[in-house]
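Accompanying notes for the structure given below.
Letters go in sequence order (proteins before strands), and every chain restarts at 1. Not measured: the values here are computed from a predicted model.
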2 protein chains.
Amino acid sequence: MAQTDTVTRILDTAEVLFAERGFAETSLRTITSKARVNLAAVNYHFGSKKALIQAVFSRYLDPFTVRFHHALDELEAQHAGGVIPLEELLETMARTVLEVPAEKHSLKVFMKLLGLAYSQAQGHLRRYIQEEYGSVFTRFTDLVRRATPELPDAERFWRLHFVLGTVIFTLSGLDALRDIAEKDYHEHVSVRDLIRRLRPVVVAAMNAPLPPPPAVQPAKAS
Amino acid sequence: MAQTDTVTRILDTAEVLFAERGFAETSLRTITSKARVNLAAVNYHFGSKKALIQAVFSRYLDPFTVRFHHALDELEAQHAGGVIPLEELLETMARTVLEVPAEKHSLKVFMKLLGLAYSQAQGHLRRYIQEEYGSVFTRFTDLVRRATPELPDAERFWRLHFVLGTVIFTLSGLDALRDIAEKDYHEHVSVRDLIRRLRPVVVAAMNAPLPPPPAVQPAKAS
DNA sequence: TTCCGCTGGAAACGCCTGTTTTAAACATTA
DNA sequence: TAATGTTTAAAACAGGCGTTTCCAGCGGAA
């Protein structure tokens, strides 16, 4: 199975380098030389650099969506017809995110890639992820809506993205933060430790009191 | 003042392009042609592309630190000797962030640049910002520590970065999120509107209950 | 064996990058 | 006026980039 080996070695090497330096800053030559495969192998197996980037994401996101759908199926079966508490939904998502990379790959790399997907320009990536994996996110937000009926739709939308920002930002910038934290507090921080700290913060953020209505409305009748 | 004009035009053009595409994806030729300036002018005035990137940040961060120090001076004078409430500290920071770009530049660009500073590799940038502007952040965190004495040091450290992640992530990815929000909820969202929504969430996150201690401790006596 | 499709290695293709160098014009200051 | 610091123009530099091409080797099928 030398053919599969080359593809795997490219993907393994690429995901690490992408996570460390970003997409534009990682050349195909760096990837292929570090993976000890020929330069042309990337274009041969994947077609282009863009396609390689998408393949790196697929290898994480495909098993993630499968598992997440299954986990949500189970959760809905347990609470047959009723609403699923918000904390169970968040818990399930966190558990699934942790499970997937634990098998073969690094959770740190996975989170860094997610962070890059948001921040790097790479319009094609955002489009690809949205089209390919948008449905599972929609299903999740629908369940969250039923769990938090008191929240206005717009408010819930923004708060979900607030906590998404917290998680991705923290876990993708973990290395730099960990260096500071260990220097100042002499305390080693694992990813699971961080998730333990994140949980109450995320729950509190979702359950925060509603903001006051906008101060002044310029339009309409005086 | 043709000399100043060239420098300003380069900075004005560069910051917009950097914010839109990132650093590596923006070439000097793109900047200079869009700014209608000679290609050599960048290396003449700034020395290198790295130095140009740092200059773009300095133009925002220098006035920010000055204003923020002043604002903290006033705050400390008001609460002479006593502790400043957490919400006033956060409020002051938010107000200062809003004030600075409001003068000449775009708040959106400023936040996008901050997001890039975190996510893009550019090791030199993170080092530059930390060395140049680390002290004002240290002063702020010291005040936060006095305002939240019940929080363990490590917990406060992480929570500050959690909310930092929320704010930077949200405001730097604002365009993409706004598109989705307007399509789904037919509601225009301004930056100030977003900050109104962020306030209660951030406060609730900082005041969240402490996480349970780690499940299993391997070391020490049984 | 002969053929074929898949994989690999090495080199080259244009193209774009940041930077430097030349030159000549312009403005400002002394 | 002379000198100095800016700006423009045009060109070239060396190097890296993604991509393509060509050819040698390979395994299994006819």
Side-chain angles (χ1 to χ4, degrees), chain A residues 1-59 113 116-117 120-125 127-128, chain B residues 1-59 113 116-117 120-125 127-128:
Chain A
M1 310 279 163
Q3 74 242 31
T4 301
D5 196 52
T6 297
V7 171
T8 306
R9 267 220 310 284
I10 292 176
L11 286 173
D12 287 344
T13 311
E15 71 176 24
V16 173
L17 290 175
F18 285 153
E20 284 176 355
R21 324 181 185 186
F23 304 117
E25 294 85 351
T26 306
S27 70
L28 293 185
R29 284 171 175 80
T30 307
I31 296 172
T32 52
S33 74
K34 200 153 206 162
R36 289 179 299 114
V37 301
N38 192 268
L39 169 61
V42 170
N43 284 278
Y44 177 79
H45 286 287
F46 298 95
S48 69
K49 187 181 182 181
K50 282 186 182 180
L52 170 63
I53 294 175
Q54 296 180 357
V56 166
F57 275 85
S58 296
R59 203 164 59 140
L113 290 175
L116 285 180
Q120 301 253 121
Q122 300 286 2
H124 74 96
L125 225 197
R127 247 175 287 124
Y128 170 77
Chain B
M1 311 276 163
Q3 71 239 35
T4 299
D5 196 51
T6 298
V7 172
T8 305
R9 267 219 310 284
I10 292 176
L11 287 173
D12 287 345
T13 311
E15 71 175 22
V16 173
L17 291 175
F18 284 155
E20 283 177 356
R21 324 182 184 185
F23 305 117
E25 294 85 351
T26 306
S27 70
L28 293 184
R29 284 171 176 81
T30 308
I31 296 173
T32 51
S33 75
K34 200 152 204 161
R36 288 178 299 114
V37 167
N38 192 270
L39 170 61
V42 170
N43 284 280
Y44 176 80
H45 286 287
F46 298 95
S48 69
K49 188 182 181 180
K50 283 185 181 180
L52 170 63
I53 295 175
Q54 296 180 357
V56 166
F57 275 85
S58 296
R59 202 164 59 141
L113 289 176
L116 284 180
Q120 300 254 120
Q122 301 285 2
H124 74 96
L125 225 195
R127 248 175 287 123
Y128 170 77

Sequence neighbours excluded, which residues qualify as side-chain hydrogen bond (donor to acceptor under 3.5 Å, both in side chains) partners of Ser27(A)?
Thr30(A)

Within the structure, does a side-chain N or O atom of [X] lie under 4.0 Å from either OP1 or OP2 of [N]?
{"X": "Thr6(A)", "N": "dG8(C)", "answer": "yes"}
{"X": "Tyr44(A)", "N": "dG8(C)", "answer": "no"}
{"X": "Ser27(B)", "N": "dT17(C)", "answer": "yes"}
{"X": "His45(A)", "N": "dC6(C)", "answer": "no"}

Atom-pair distance ([atom1] on [X]; [atom2] on [N]), nearest Å:
{"X": "Leu28(B)", "N": "dG16(D)", "atom1": "CG", "atom2": "P", "result": "17 Å"}
{"X": "Arg9(A)", "N": "dG8(C)", "atom1": "CZ", "atom2": "C1'", "result": "12 Å"}
{"X": "Arg36(A)", "N": "dG9(C)", "atom1": "CZ", "atom2": "C1'", "result": "15 Å"}
{"X": "Phe46(A)", "N": "dT7(C)", "atom1": "CZ", "atom2": "P", "result": "12 Å"}
{"X": "Asp5(B)", "N": "dG5(D)", "atom1": "CG", "atom2": "C1'", "result": "16 Å"}
{"X": "Leu52(A)", "N": "dG18(D)", "atom1": "CG", "atom2": "C1'", "result": "12 Å"}
{"X": "Asn43(B)", "N": "dT8(D)", "atom1": "CG", "atom2": "P", "result": "14 Å"}

Would you mind classifying the nucleic acid contact of Thr26(B) as base, sugar-phosphate or nothing, using non-hydrogen atoms under 4.0 angstrom?
sugar-phosphate

Holding to ring pair (Phe, Tyr, Trp, His ring centres under 6.0 Å), I want the full list of residues that pass it with Phe18(A), two or more places apart in sequence or in another chain.
Phe23(A)

Working to the nearest 0.5 Å, report the span between [atom1] of [X] and [atom2] of [Y].
{"X": "Leu28(B)", "Y": "Ser33(B)", "atom1": "CG", "atom2": "OG", "value": "11.0 Å"}
{"X": "Leu17(B)", "Y": "Arg21(B)", "atom1": "CG", "atom2": "CZ", "value": "5.0 Å"}
{"X": "Glu20(A)", "Y": "Leu116(A)", "atom1": "CD", "atom2": "CG", "value": "11.0 Å"}
{"X": "Thr6(A)", "Y": "His45(A)", "atom1": "OG1", "atom2": "NE2", "value": "5.0 Å"}

Rounding to 10 degrees, work out the angle separating the end axes of the helix from dG9(C)-dC22(D) to dT22(C)-dA9(D) (five pairs an end).
20°

Closest approach of Thr13(A) and Ala35(A), non-hydrogen atoms and distance?
OG1-CB, 3.2 Å

Which nucleotide in the set dT7(C), dT8(D), dG18(C) lies at the smallest distance from any side-chain heavy atom of Val37(B)?
dT8(D)

Against the side chain of Lys49(B), the closest entry in dG18(D), dG5(D), dT19(C) is dT19(C)

Please list, pair by pair, any protein nitrogen or oxygen found under 3.5 Å from a nitrogen or oxygen in nucleotides 11-15 of chain C.
none

Can you list the residues that meet the side chain to side chain contact (heavy atoms under 4.5 Å, CB included) rule with Thr32(A), with sequence neighbours excluded?
Val37(A), Leu39(A), Val42(A)

Between Lys34(A) and Asp12(A), does any side-chain N to carboxylate O distance fall below 4.0 Å?
no

